[in-house]
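Just below is one structure, and these are the notes that go with it.
One-based numbering, in listed order, for ligands and for the atoms of each. Everything numeric here is computed off the predicted structure, so don't read it as measured data.
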Amino acid sequence: MKPKIWLSSPHMSGNEQAYIKEAFDSNWVAPLGPNVNGFEIDLQSYLKEDRYVAALASGTSALHLSLILLGVANGDEVICQSKTFSASAYPIVYQGATPIFVDSERETWNMCPLQLEIAIKDRIAKGKTPKAIIAVHLYGMPYKVDEINQIALKYDIPVIEDSAEALGSNYKGQKCGTFGDFSILSFNGNKIITTSGGGALVTKTLPQKEKAVFLATQARDHAPHYLHSHIGYNYRMSNIIAGIGRGQMTILDSHVAKRRSNHQFYVDAFKDNKNIIFLEEPEGCFSNRWLSCILLDSKSTREGLRLALENENIESRPLWKPMHQQPIFKDAPNYLNGVSDELFEKGLCLPSGSNLTDIERNRIVKAVNTYFNS
Ligand SMILES: Cc1ncc(COP(=O)(O)O)c(C=O)c1O
């Protein structure tokens with residue numbers, strides 16, 4: 001059996017263990033400490049735009065806290081991009097609210113502004129103004145920020161920017177992770193930088209960050225004893241994990257460059273293959289190319305290629321199955337145009353790690369070419 005090539009595996013810089021050692025040496029083995037503060041400052045300096053960052057246990061917990069901070073509660077409706085990972089939508093349900101799924105457009109594969117406005121008007125006509133819009137920069141490609149923000153502003157609905165996959169991407173020169181009323185990041189094991197598991201909430205004001213940290217640390221009121229007037233969560237990032245994050249921040253830009261070079265490598269390698277289509281960057285969009293994705297001509301080609309790669313011990317994965325197709329969300333209202341269904345049928349993510357070697361990249365190209373030539 002040939003060695004496994006993963007879709008997207010962790011890639012350490014070598015600096016991580018020094019931060020972890022420091023945490024052990026100073027006995028900051030807790031969900032607070034210098035690495036947590038340092039990682040937050042590193043992220044804030046990277047994102048700029050005067051944002052505040054709260055380091056948390058996961059991107060999912062960051063989404064959950066955003067909804068809580070926006071006052072989303074039982075019986076509310078929240079609009080969510082249908083083409084995404086389930087974690088974008090789960091926290092809506094944690095709050096007892098209903099997800100309203102909106103389809104994608106073809107230029108970025110993200111939330112379609114036309115469908116969004118149709119959905120908002122229809123929900124209002126049916127009696128409820130959505131409490132928030134969760135828009136996602138899928139695979140690192142920025143969504144149509146101007147168009148989505150304009151609609152959000154028109155109907156006075158806050159935007160939660162799910163930037164879990166898009167750290168290092170930018171839209172018209174501004175970093176993804178700074179466009180929402182709240183924005184979230186993920187440092188899960190497969191992301192462009194990883195802390196093994198972790199995430200962050202990005203806020204526009206310091207009080208919002210402080211409220212998020214308060215809720216993330218079991219909502220302890222100011223008192224010498226334990227006093228609670230809110231329900232809290234155990235969502236804070238550990239100081240050990242944050243040490244990994246600080247090490248990873250030293251190589252974030254080079255990871256973006258490596259992932260973009262993987263994408264270009266595939267574009268060049270398959271330029272004569274008319275069966276393979278790539279998503280181009282629309283004007284103003286700079287994608288971190290977290291995952292390199294291709295579209296094939298049909299579901300059977302996509303599945304045939306995936307199995308051919310699997311035979312060679314190469315991991316690939318169909319594009320996210322839209323939320324409106326998921327059994328758990330089968331009763332949720334949706335506003336569809338067929339785009340995300342088609343992308344799911346025809347799309348495949350190729351191995352995209354920043355640690356892919358030339359030998360591995362050539363093995364992938366050879367396996368794809370063999371499939372199409374057989
Ligand atoms: C689009 C998207 N949203 C949210 C998440 C959740 O992040 P986490 O795994 O850190 O909870 C992920 C990834 O895992 C994701 O890809």
> Can you list the ligand 1 atoms lying under 4.0 Å from a non-hydrogen atom of Ala87?
Replying inline: 4 (C), 5 (C), 6 (C)

> Does Ser61 have a non-hydrogen atom less than 4.0 Å from ligand 1?
Replying inline: no

> Short list, please: which atoms of ligand 1 are under 4.0 Å from a heavy atom of Gly198?
Replying inline: 10 (O)

> Relative to each other, are the rings of Phe179 and His137 parallel, tilted or perpendicular (30° and 60° limits)?
Replying inline: perpendicular

>> Strictly below 4.0 Å, N to O, side chains only: are Lys271 and Asp268 in salt-bridge contact?
In response: no

> Charged N to carboxylate O below 4.0 Å: is that the case for Lys2 and Glu312?
Replying inline: yes

>> On a heavy-atom basis, I'd like to know which of Asp162, Asn188, Val136 is closest to atom 4 (C) of ligand 1.
In response: Asp162

>> Among all the protein's non-hydrogen atoms, which is closest to atom 16 (O) of ligand 1, and how far away is it?
In response: Glu165 OE2, 2.6 Å

> Purely on distance, is any nitrogen or oxygen of Thr84 under 3.5 Å from one on ligand 1?
Replying inline: no

>> Regarding ligand 1, does Leu63 bring an N or O atom to under 3.5 Å of one of the ligand's N or O atoms?
In response: no

>> Considering non-hydrogen atoms of the protein only, which is the closest contact for atom 13 (C) of ligand 1, and what is the distance?
In response: Lys191 NZ, 2.7 Å

> Is the closest basic N to carboxylate O distance between Glu281 and Arg260 below 4.0 Å?
Replying inline: yes

> Is any NZ, NE, NH1 or NH2 atom of the basic residue among Glu303 and Lys299 found under 4.0 Å from an Asp or Glu carboxylate oxygen of the other?
Replying inline: no

> Got a salt bridge between Glu40 and Arg236, using NZ or NE/NH1/NH2 to carboxylate O under 4.0 Å?
Replying inline: yes

>> Could you identify the single nearest non-hydrogen protein atom to atom 11 (O) of ligand 1 and state the distance to 0.1 Å?
In response: Thr60 OG1, 2.5 Å

> How about Phe214 and His230: are their ring centroids closer than 6.0 Å?
Replying inline: yes

> Counting heavy atoms only, which of Gly189, Ala164, Pro91, Ser88 comes nearest to atom 15 (C) of ligand 1?
Replying inline: Ala164

